[in-house]
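As structure tokens, the structure follows; a few thoughts come after it.
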Amino acid sequence: MPAAASKRVRGTQIRRHFIIGNTACVLPAPGFPDPPPEGHTKGWTVYVRSLPNGPDLSTWLKKVQFKLHHTYTDASRTIEGPGPFEVTETGYGEFGVEIRLYFAPESGEKAVYREHYLSLAPYGSEEQKARQEKENKIVAEKLETVEFNEPTQEFYKSLTAEEQFQWLKVKKGRGKGKKPDYVFEGEVEPTAQLPERAQGGGEGSLGAGGTWSQGYERQVVAQLRESAGALEQMLEEERRGMEERKRKLQEVGASIAAK
Ligand code: SLL
């Protein structure tokens with residue numbers, strides 16, 4: 001049962017981006033049973049993860065339930081915090097994994113539902129497909145968001161605490177009697193926001209070294225706007241056609257009445 005909700009921080013929203021996705025490979029492959037189970041041609045891992053430079057999602061995510069296809073024994077797999085929140089399996093077919101996210105008890109928030117459709121086959125351009133085949137690795141990820149509206153005071157405290165960035169730090173120079181000196185790895189400043197530019201893969205590229213960025217987010221938004229524009233145009237043409245039909249109908253009506 002969730003703990004009694006403490007006072008809420010009025011007028012405050014805290015948003016968290018995170019990743020839901022899967023990797024897949026053709027069997028046999030390292031890390032999977034060899035020979036594979038009868039009829040199983042693919043190995044895969046479905047996961048819920050922090051952004052590469054983002055705060056640790058186990059701050060707010062306490063349990064994940066993955067519901068697999070009913071052909072699996074024990075189709076419901078529950079992973080407790082701090083994770084890693086992932087399930088690795090072998091199989092032959094794609095299906096939608098039902099994912100339930102459970103929040104920290106002090107949040108007073110109800111569990112939320114997400115779905116991830118497993119991608120087991122190469123996708124994208126011919127070049128991308130060729131690379132996925134060569135590396136025997138498919139990565140299919142999407143960016144997800146949760147928003148905590150007026151979080152409880154206790155939850156707000158952990159969502160704004162420094163500890164959630166601890167996982168991005170590497171221990172350095174642990175001398176005798178010295179406290180470990182933590183430094184951030186890589187060049188990107190840790191932040192709860194998406195980075196301005198993608199690391200590695202360049203603007204708008206994902207998987208294989210590319211990461212989520214504000215640049216990529218802008219590109220997705222621009223594409224959506226473009227589609228909305230095209231739809232609006234189609235609607236406008238429909239509207240014009242309708243007016244035309246209406247006018248003709250009236251003409252017919254008028255000529256019948258005149259007879
Ligand atoms: C469908 N996409 O249309 C298919 C279902 C089945 C997934 C995919 C093996 C499970 C097992 C497996 O890959 N199941 O043998 O444990 O319904």
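This one's a predicted model, so the numbers in the text were calculated from it and none came from an experiment. Both ligands and their constituent atoms are indexed starting at 1 by order of listing. All residue numbers refer to positions in the sequence shown, counting from 1.
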Worksheet item: In terms of residue, atom name and distance, what is the protein heavy atom nearest to atom 16 (O) of ligand 1?
Response: Thr71 O, 3.4 Å
Discussion item. Closer than 4.0 angstrom, basic N to acidic O: yes or no for Glu251 and Lys248?
Written reply: no
Fill in: Carboxylate-amine/guanidinium contact Glu126 Lys129, below 4.0 Å
yes
Worksheet item: Does an N or O from His69, backbone or side chain, lie closer than 3.5 Å to an N or O of ligand 1?
Response: yes
Worksheet item: Is Glu127 salt-bridged to Arg131, cutoff N-O under 4.0 Å?
Response: no
Worksheet entry | Thr90-ligand 1 polar pair, N/O distance under 3.5 Å | no
Item to complete: Before accepting this row, confirm whether a basic side-chain N of the pair Arg240/Glu243 lies closer than 4.0 Å to the acidic partner's carboxylate O.
Response: no
Worksheet item: Are the ring centres of Phe148 and Phe103 closer than 6.0 Å?
Response: yes
Worksheet item: Counting only non-hydrogen atoms of the protein, does one fall under 4.0 Å from atom 14 (N) of ligand 1?
Response: yes
Discussion item. Which residue and atom name correspond to the protein heavy atom nearest atom 3 (O) of ligand 1, and how close is it?
Written reply: Glu94 O, 5.0 Å
Discussion item. I need the nearest protein heavy-atom contact for atom 9 (C) of ligand 1: residue, atom name and distance, please.
Written reply: Tyr92 CE2, 3.2 Å
Discussion item. Which of the numbered atoms in ligand 1 are under 4.0 angstrom from any heavy atom belonging to His40?
Written reply: 9 (C), 11 (C), 15 (O), 16 (O)
Discussion item. If hydrophobic clusters are built by linking Ile, Leu, Val, Met, Phe, Trp and Tyr wherever their side-chain heavy atoms come under 4.5 Å apart, do Phe155 and Val146 end up in the same one?
Written reply: yes
